[in-house]
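Below: the structure, in structure tokens.
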Amino acid sequence: MSRLIIRRLLVSLVVLWLVSLLVFVATLLLPGDPARAILGQQATPDRIAALQAQLNLDAPVWERYLSWLGGVFTGDLGTSAATQGPVNDLLGDRIGASLVLLVTAAVLSTLVGLALGTWSAVRRGRAADHTVSGISLVIAALPEFVIGVALIVLLSTTVFPLLPSVTLAPPGEPVWSQPLQLILPVLTLTLVVTPYITRMMRATMSEVLDSGYVEMARLKGIPERTVLTRHALPHAIGPVAQVIALQLAWLAGGVVVVEFLFRYPGVGQALIDAVNNRDVEVVQAITLLIAAVYIVVNLLADIVGIVTNPRLRTEVSR
Amino acid sequence: MSTPTVPSTRSRKSTVFRRALALPQAKIGLTLTAVVVLLAVLGPWLGPWLTGYDTTGFAGKPFHSDGVAGTDGLGRDVFTRFLAGGATLLLYAVLATAIGIVLGTALGMLAGYTGGRLDSIIMRGNDVLLSFPQLVFALLAIAMLGPQGWLLVLVIGITHAPRVARVARQATVAVKDSDYIKAAQLYAMPRRRILLREVLPNITGPLMVELGLRLTYSIGYVASLSFLGLGIQPPAADWGLMINENRIALVLEPWGVLLPVLAIAVLTVGTNLVTDSLASAAAGREKEAAA
């Protein structure tokens, strides 16, 4: 099993390296002189020269890649063309703010999804099951900003004006000092992800409930609740963990639109600003960061999959 | 030249369609989709004819309650813009889906059928692309080249491809040892021909499900990018863009947000319902084939 995990770890490292290569190569797409393209209308000969020196544009491509990669490894993500400050300063607080959003939404949607999926599977074919399936099918189809706007209309402005729809944390204060402002963004992300987890949990749980060992447990006279928690649930967790991870990794991208919608001071909002300003080094840093989160979460899911799958646990190596 | 397998696969393909159509969610989904597609396609002509404004909807009176849904903050007629705002979105989404499906199917079939080193190279390349959330990858490209229509279509299509390829590869691996493939190999049929004439007709089930799924996502991504201000550009009328332009005045003039939100929601729910019916039909057929 440990050999499988180590192999999987090495694959992730290679993918991460290739991703860094791709993020760097993207900058070569900048039309014409990158310094001029980045500065746009603010281009003065002085600033162009300064930026050219900063981006090290005279050096060959591979040298630029190595120095950029070296910077990433030593924690120096470059300089923002828009603020003229280090990218690290720009991202510091925002990473924390985004993580608050992600982790809360992740925990909520996992709990709700597992519970609803199990409940649906137990009541397969009945009205409750059809209702849950129908609603998750509808919500799963909606783009995240549509869900967000619908929530704003419902809970913040027109129907029930209860919650703030914009995040206005005073500068220097952490976002969680205003918990009310977190509700709508977290709710939006949770609604986006929960249907997938629910559907997967329902499918897996249905299969498990039809299996021989569950029937055996029932025949032994074990109470239904214990059958569910002790016998069925552990077998359903493995395959569902992969879907959960995929969805959580997806959250890392979905957070961009949701942060923009609620003006939430996180990494996603910074990415949109950076794309608008052609702030190339910030765009590079954030896309690399999001891809890294994505890769790590997927890696963890596969490890959970390997650990919970008894066949893989004993298999020597393949 | 026709081979004996072709007629049988044709009829099997149509049973997936017919089975799917018999399901209630397919009928509801098709109706919803058809309504919004008609609206989007006819809207650019209908709008000026109904309201008398051109497709930019300029009426000159900001926040006025004239017309069906009033005017927006720049004095443009909301209803005219709503009618005109779906065509480009739909076109981009369809083109992006087509690129993703064609590219992904080709790569997936090639990887699954050939196996070996080519398979690993294609699938590892896929892993790299799969490490970016699709929207984030699109933003990376837009940051470099600017928000241009062809780039939106291309980048959304390209990010669909590895996801489609995974499905196509799996389906190809499942059929590649069948007798009819072996027969074709014994005829010394060229690989391209085997893939197109023998493998492709037999993996249409999962591919149709993938087509529906990718179309739903494409609509979402194009609309999201326009909503972020990085897709379809002003002064064009577009649903995603309209939501962003009008949400500041949500309380004052809600129709400018509600109409496009509703249209996008109905469209994606419609396509997703059709996708779901296709998935049930394909799964049902597989179960029967196994029995």
Side-chain angles (χ1 to χ4, degrees), chain A residues 11 14-16 18-19 21-23 26-31 34 37 134 137-147 149-150 152-153 156-158 161 165 249-257 260-261 268 271-272 274-280 282-284 286-287 290-292 294-295 298, chain B residues 25 29 32 124-147 151 213 216-217 219-230 239-240 243-244 247 250-252 254 257-258 260-273 275-276:
Chain A
V11 168
V14 172
V15 169
L16 194 57
L18 289 171
V19 162
L21 202 61
L22 194 62
V23 168
T27 59
L28 302 181
L29 290 175
L30 279 171
L137 199 58
V138 168
I139 295 180
L142 300 175
E144 52 271 23
F145 76 98
V146 167
I147 297 182
V149 170
I152 291 180
V153 170
S156 174
T157 54
T158 317
S165 64
W250 182 92
L251 274 179
V255 82
V256 174
V257 180
F260 175 79
L261 172 61
L271 177 59
I272 303 293
V275 173
N276 272 318
N277 297 329
R278 279 251 163 114
D279 198 343
V280 173
V282 178
V283 174
Q284 278 183 311
I286 297 179
T287 40
I290 293 179
Y294 210 86
I295 292 170
N298 271 320
Chain B
Q25 68 262 44
L32 295 179
R124 290 296 86 76
N126 273 354
D127 285 344
V128 176
L129 264 185
L130 285 170
S131 305
F132 295 92
Q134 283 183 266
L135 205 67
V136 173
F137 190 83
L139 288 173
L140 178 65
I142 291 169
M144 303 305 158
L145 293 174
L151 185 65
L213 201 63
T216 309
Y217 287 155
I219 296 165
Y221 289 134
V222 176
S224 295
L225 285 169
S226 301
F227 170 73
L228 294 172
L230 296 165
W239 290 339
I243 297 170
N244 191 25
R247 70 190 168 120
L250 183 60
V251 185
L252 199 63
V257 173
L258 290 184
V261 160
L262 215 62
I264 295 172
V266 170
L267 181 60
T268 50
V269 167
T271 53
N272 204 36
L273 285 173
T275 309
D276 184 67

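All values below come from the heavy atoms of this structure, side chains included, with hydrogens, waters and symmetry mates left out. Every value quoted in this text rests on a predicted model; they were computed, and no experiment measured them. Chain naming here is simple, since letters A, B, ... match the order of the sequence lines and numbering starts at 1 in each.
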Next on the checklist: Can you tell me which of Asp127(B), Leu129(B), Val128(B) forms the most heavy-atom pairs within a distance under 4.5 Å of chain A?
Outcome noted: Val128(B)

Next on the checklist: Under a 4.5 Å cutoff for heavy-atom pairs, which residue among Ile142(B), Leu230(B), Val261(B), Thr216(B) has the most contacts with chain A?
Outcome noted: Leu230(B)

Checklist entry - Given that the side chain runs from C-beta out, which part of Leu258(B) has a heavy atom under 4.5 Å from chain A: side chain, backbone, both or neither? => result side chain

Item to check | Leu142(A) portion near chain B, given a 4.5 angstrom heavy-atom threshold | outcome: both

Item to check | Structural part of Ile264(B) lying under 4.5 Å from a heavy atom of chain A | outcome: side chain

Next on the checklist: At a 4.5 Å cut-off on heavy atoms, which part of Val149(A) comes close to chain B: side chain, backbone, both, or neither?
Outcome noted: side chain

Checklist entry - Do the non-hydrogen side-chain atoms of Ile290(A) and Phe132(B) ever get within less than 4.5 Å of each other? => result no

Next on the checklist: If I measure from the heavy atoms of chain A, does Leu140(B) come under 4.5 Å with its side chain, its backbone, both, or neither?
Outcome noted: both

Item to check | Residue part contacting chain B, namely of Ala140(A), when any heavy atom lies under 4.5 Å | outcome: both

Item to check | Contact class of Leu261(A) relative to chain B, heavy atoms under 4.5 angstrom | outcome: both

Checklist entry - Considering only heavy atoms from C-beta outward, does the side chain of Pro254(B) approach that of Val153(A) to under 4.5 Å? => result no

Checklist outcome for this item: CZ of Arg124(B) to CG of Leu18(A), rounded to nearest 0.5 Å, is 10.5 Å

Checklist entry - So what's closer than 4.5 Å to chain A heavy atoms on Ile243(B): side chain, backbone, both or neither? => result side chain

Checklist entry - When rounded to the nearest 0.5 angstrom, what distance separates OG1 in Thr275(B) from CG in Leu137(A)? => result 8.5 Å

Checklist entry - If you count heavy-atom pairs under 4.5 Å with chain A, which of Asn244(B), Ile219(B), Val257(B) comes out on top? => result Asn244(B)

Next on the checklist: Please report the interatomic distance CZ(Arg278(A)) to CG(Leu145(B)), rounded to the nearest 0.5 Å.
Outcome noted: 7.0 Å

Item to check | Toward chain B, the part of Ile295(A) with a non-hydrogen atom under 4.5 Å | outcome: side chain

Next on the checklist: Just verifying a value: how many Å separate Leu139(B) CG and Ile272(A) CD1, rounded to the nearest 0.5 Å?
Outcome noted: 5.0 Å

Checklist entry - Are any of the side-chain heavy atoms of Val136(B) and Tyr294(A) separated by less than 4.5 Å? => result no

Checklist entry - With respect to chain A, which residue among Leu228(B), Val269(B), Leu262(B) yields the maximal number of heavy-atom pairs within a distance under 4.5 Å? => result Leu228(B)

Checklist entry - Non-hydrogen atoms of chain A under 4.5 Å away: do they reach the side chain of Ser224(B), the backbone, both or neither? => result both

Checklist entry - Any idea which of Val257(A), Leu16(A), Val256(A) has the most non-hydrogen atom pairs under 4.5 angstrom with chain B? => result Val257(A)

Item to check | Selection from Asn298(A), Val275(A), Val146(A) maximising heavy-atom pairs under 4.5 Å formed with chain B | outcome: Val275(A)

Item to check | Geometric class of the Phe145(A)/Phe227(B) ring pair [parallel <30°, tilted 30-60°, perpendicular >60°] | outcome: parallel

